[in-house]
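Okay, structure first, notes after.
Every chain is numbered from 1, with letters handed out A, B, ... down the list of sequences.
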Amino acid sequence: MEHQLYIYNTLTRKKERFIPIHEPNVGMYVCGPTVYGDPHLGHARPAITFDILFRYLKYLGYKVRYVRNVTDVGHLENDEDEGEDKIAKKARLDQLEPMEVAQYYYNSYRKAMELLNVLPPSIEPHASGHIMEQIEFTQKILDAGYAYESNGSVYFDVEKYNSDHHYGKLSGRDIDEMMETTRALDGQSEKRRSADFALWKKAAPEHIMRWKSPWSEGFPGWHIECSAMGTKYLGEEFDIHGGGMDLIFPHHECEIAQSKAALGKESVKYWMHNNMITINGQKMGKSLGNFITLGEFFTGGHALLTKAFSPMTIRFFILQAHYRSTVDFSSEALEASEKGLERLMEGYARLQNLKASEKSSIEIGNLREKCKEAMNDDLNTPIVISYLFESLRIINLVHDGKETISQEDLDELQSVFKLFIEDILGLQPAGTASEGIEAYRKAVDLLLNIRLEAKKNKDWTTSDKIRDELTSYGFEIKDTKDGFEWSL
RNA sequence: GGUACUUUGGCCGAGUGGCUAGGCGCCGGUCUGCAAAACCGUUUACGGCGGUUCGAAUCCGCCAAGUACCUCCA
């Protein structure tokens, strides 16, 4: 594949040329949601980040298998691996079946992702549907001698693993120091060391989510699902594993150790992590209680929001920052994005109706190549957007009749805008869904044509009445040099 | 305490050695019956102190402030 895509690999802390293991196939695994709460802005970031990567890899010609898991079991409330499963807890509180809770929030998550125009992954495996695979994976680790059974539970032996390999390579931790600094366990724990983590947990009598295993009736540890499902659908070695930066430790560190222990090899070639969204400089997170759900954004129903914001505004806002930077949320920043997006999309709509001339009076530049270069540089979407805005100026100048454009240049601009705005950035033109009704459009055109005549006759009363009435119904009327434009 | 990282103009946010990021806002102008839109122009940017260099927002050191991870979280 002819391209120069470089992506930042957390493992090496460098940008590396992307070369897949089995060209033209690419395997990509991204940590999805734990479905026990409403989807919030924090869920949108990785979904959009890796949606961009998914779209761009496909544009480059790869055949991508994109796996994004759904965690519906095994997520414990606290470490020490003594807590209660999140889904089960929520189910008990709401008096629902655990699977009912998971299904409800999973539906909610998918709906939000659809609104954000995030493409569905190739496979969305549920942890609860892969208990066998997780048991088998755990058995492999036991067989390899990197885990031990304790009172019906199975734990990963971090110290043993670290003596043969390097536990902490992804997060840059020194496990020996960690073991010294971590406080001593109380005598009750089944774990030999606090750094050890559960592969399988024996279920307490009151625990409602449970499965049979060689060790006990119980449930899998949190980290094992990704190793098991990633291996199942992408093979023992695959190209990209992504997720939020907060998962680097311990989740991804544990995954690396599990896979190496069970399979004897490195599973993942490129580790990619998106940064967090902050709110007043602090991470937006469920546990901090400062998160805003996506539903609240779409309706404006949150104290921190001055108004509702469309899904495309949220998407655009996120894409205006590089995925490895934190992005600080504020209503003011979102409003700025909203206006910018509106102007960009109006220009994009205008571009479709631009009239070509003999020749161009203005250089359109090599927009296509520049945008590709920006994408190739670790998916630099803010730069792509800045180039689009620069070209927007040309579109508007031609639209105003101040510059001319040749058919060839016009075709190129239309093609590049379509490619980057719709196909790669995934920004949907507003109102495309409601655009279908031809008669309605003609009716509005008719009204505005009547207004145009009134204007010619200097009948300002009639012309203003038409404009003001339409405006009050929610239409936006813009006069142009020789006519009008409108949108709803 | 350990690890990773951040600090850019009114706000958001790119940028790793020299050349305009971009968006939003503000102000002035063009256009217009008015308005909106559009266009043009303007707006004291690189936390502080040193160092390297012909040249640093960009490299190095120290200091300051802040964030994340080290317990669930995207």
Side-chain angles (χ1 to χ4, degrees), chain A residues 10 13 30-34 36-37 39-50 75-83 86 168 170-174 177-178 180-182 194-195 222 242-251 253 273-278 281-288 291 316-317 320-322 324-330 332-344 346-347 350 374 377 380-390 392-393 395-397 399-403 455 458-460 463-464 467-468 471 476-481 484-485 487:
Chain A
T10 309
R13 309 206 180 267
V30 174
C31 289
T34 301
Y36 70 109
H40 58 86
L41 195 56
H43 290 107
R45 189 137 200 224
I48 290 172
T49 298
F50 293 103
H75 228 160
L76 297 161
E77 274 294 298
N78 57 53
D79 186 25
E80 304 312 310
D81 289 339
E82 309 287 353
K86 277 186 174 170
L170 184 67
S171 54
R173 280 177 167 75
D174 183 341
E177 271 179 33
M178 275 177 64
E180 281 167 25
T181 52
T182 316
S194 62
W222 172 35
M245 271 186 187
D246 50 343
L247 297 178
I248 292 174
F249 191 91
H251 185 53
E253 203 72 77
H273 294 93
N274 62 274
N275 214 319
M276 304 290 105
I277 284 176
T278 60
Q282 201 185 23
K283 188 176 89 163
M284 180 181 291
K286 183 155 294 183
S287 55
L288 297 167
F291 70 99
F316 187 66
F317 173 68
Q320 271 187 306
H322 188 261
R324 284 191 291 113
S325 298
T326 56
V327 55
D328 197 47
F329 156 82
S330 71
E332 194 190 2
L334 264 179
E335 279 181 50
S337 284
E338 181 180 51
K339 284 180 187 161
L341 176 64
E342 197 178 327
R343 199 159 74 83
L344 182 65
E346 272 176 23
R350 227 166 245 171
D377 184 15
N380 202 328
T381 54
I383 293 291
V384 172
I385 291 170
S386 80
Y387 290 149
L388 293 174
F389 272 108
E390 283 175 7
L392 181 63
R393 218 182 117 254
I395 293 169
N396 286 328
L397 284 170
H399 176 259
D400 268 15
K402 289 174 182 160
E403 301 282 358
K455 279 175 68 179
K458 298 202 191 303
D459 178 2
W460 310 128
S463 93
D464 284 356
R467 182 180 66 193
D468 295 346
T471 302
E476 195 178 2
I477 313 299
K478 288 173 190 170
D479 286 356
T480 60
K481 216 176 173 69
F484 54 81
E485 288 176 349
S487 58

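A heavy-atom distance below 4.5 Å is found between the side chains of I477(A) and T471(A). Side-chain contact between L334(A) and F329(A): present, with at least one pair of heavy atoms (C-beta onward) separated by less than 4.5 Å.
Computed from coordinates, the L344(A) CG to A37(B) P distance equals 17 Å when rounded to whole Å. Summarising the geometry, the separation between CD on E346(A) and C1' on C24(B) is reported as 15 Å, rounded to the nearest angstrom. Atoms CZ (F329(A)) and C1' (U67(B)) sit 18 Å apart, rounded to a whole Å. The CZ-P distance, from F249(A) to U3(B), rounds to 14 Å in whole Å. G10(B) atom P lies 20 Å from atom CD of E335(A), rounded to whole Å. For the pair R350(A) CZ and A38(B) P, the interatomic distance rounds to 6 Å; values are reported in whole Å. Between I277(A) atom CD1 and U67(B) atom C1' there is a gap of 15 Å when expressed in whole angstrom units. Look at CE on M245(A): it is 13 Å from P on A68(B), rounded to the nearest Å.
With sequence neighbours excluded, no residue forms a salt bridge (Lys or Arg N to Asp or Glu O under 4.0 Å) with R343(A). R393(A) pairs by the salt bridge (Lys or Arg N to Asp or Glu O under 4.0 Å) definition with nothing, not counting sequence neighbours. Under the side-chain contact (heavy atoms from CB on, under 4.5 Å) criterion, T49(A) pairs with R45(A), N274(A), Y323(A), not counting sequence neighbours. Evaluation of the ring-ring contact (aromatic ring centres under 6.0 Å, His included) rule for H251(A) yields W222(A), H223(A) as partners, not counting sequence neighbours. For E342(A), there are no salt bridge (Lys or Arg N to Asp or Glu O under 4.0 Å) partners two or more places apart in sequence or in a different chain. Legend: residues meeting salt bridge (Lys or Arg N to Asp or Glu O under 4.0 Å) with E338(A), ordered by chain and number and at least two apart, are K307(A). In this view, K402(A) and L397(A), D400(A) satisfy the side-chain contact (heavy atoms from CB on, under 4.5 Å) rule, not counting sequence neighbours. Applying the ring-ring contact (aromatic ring centres under 6.0 Å, His included) criterion to Y387(A), with sequence neighbours excluded, gives no partner residue. Applying the side chain to side chain donor-acceptor pair (under 3.5 Å) criterion to D328(A), with sequence neighbours excluded, gives T278(A).
A donor-acceptor contact under 3.5 Å is not formed by the side chain of N380(A) with the base of G15(B). Residue D479(A) places a side-chain atom within donor-acceptor reach of the base of A35(B), judged by atom type and a 3.5 Å distance cut-off alone. With hydrogens and angles ignored, a donor-acceptor pair closer than 3.5 Å exists between the side chain of R467(A) and the base of C34(B).
The residue G42(A) sits close to a base: some heavy atom pair falls under 4.0 Å. Within the 4.0 angstrom heavy-atom criterion, only backbone atoms of the sugar-phosphate kind lie near L397(A); the bases stay farther away.
The residue among H322(A) and P46(A) whose nearest nucleotide of RNA chain B lies closer to the 5′ end is H322(A). Summary of the strand contacts: K283(A) and D464(A) both lie near RNA chain B, and taking for each the nucleotide with the nearest heavy atom, the more 5' one is attributed to D464(A).
As rounded to the nearest Å, G10(B) and U43(B) have P atoms that lie 13 Å from one another. On the P atoms, G51(B) is 32 Å away from A14(B), given to the nearest whole Å. Using atom C1' as the reference point in both G48(B) and U8(B), the two lie 15 Å apart (nearest Å). Rounded to whole Å, the P atom of C49(B) lies 14 Å from the corresponding atom of A56(B). To the nearest whole angstrom, the two P atoms, one in G15(B) and one in G47(B), are 15 Å apart. Taking atom C1' in both U52(B) and G61(B), one finds a spacing of 11 Å when rounded to whole Å. If you take atom C1' in U32(B) and the same atom in U44(B), they sit 35 Å apart, rounded to whole Å. Across the P atoms, U58(B) and A35(B) are found 47 Å apart, a figure rounded to whole Å.
Picking from A14(B), C39(B), A37(B) the nucleotide with the shortest atom distance to the side chain of N396(A) gives C39(B). With distances taken from any side-chain atom of E332(A) to the nucleotides A14(B), C11(B), A37(B), the minimum falls on C11(B). Looking at the side chain of S325(A), the nearest of the listed nucleotides G33(B), A36(B), A14(B) is A14(B).
The backbone N or O of S337(A) lies less than 3.5 Å from no partner atom in the side chain of Q320(A), so there is not a single donor-acceptor pair.
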What N/O pairs connect the protein and nucleotides 19-23 of chain B at under 3.5 Å? Give each pair on its own line.
from: A21(B); atom 1: O2'; to: E390(A); atom 2: OE2; distance (Å): 3.4
from: G23(B); atom 1: OP1; to: R343(A); atom 2: NH2; distance (Å): 3.4

Distances under 3.5 Å between nitrogen or oxygen atoms of protein and nucleotides 4-9 of chain B:
none

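With rounding to the nearest 0.5 Å, the separation of CG in L344(A) from CZ in F389(A) is 5.0 Å.
F317(A) and A333(A) make their closest contact through CE1-CB, 3.8 Å (heavy atoms, listed as atom of the first residue, atom of the second, distance).
Contact annotation: K402(A) does not reach the phosphate of C40(B) (side-chain N/O to OP1 or OP2, under 4.0 Å).
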Dot-bracket encoding per residue of RNA chain B, Watson-Crick/G-U cut-off under 3.5 Å, | denoting interstrand: (((((((..(((.....[...)))(.((((.......)))).)...(((((..]....))))))))))))....

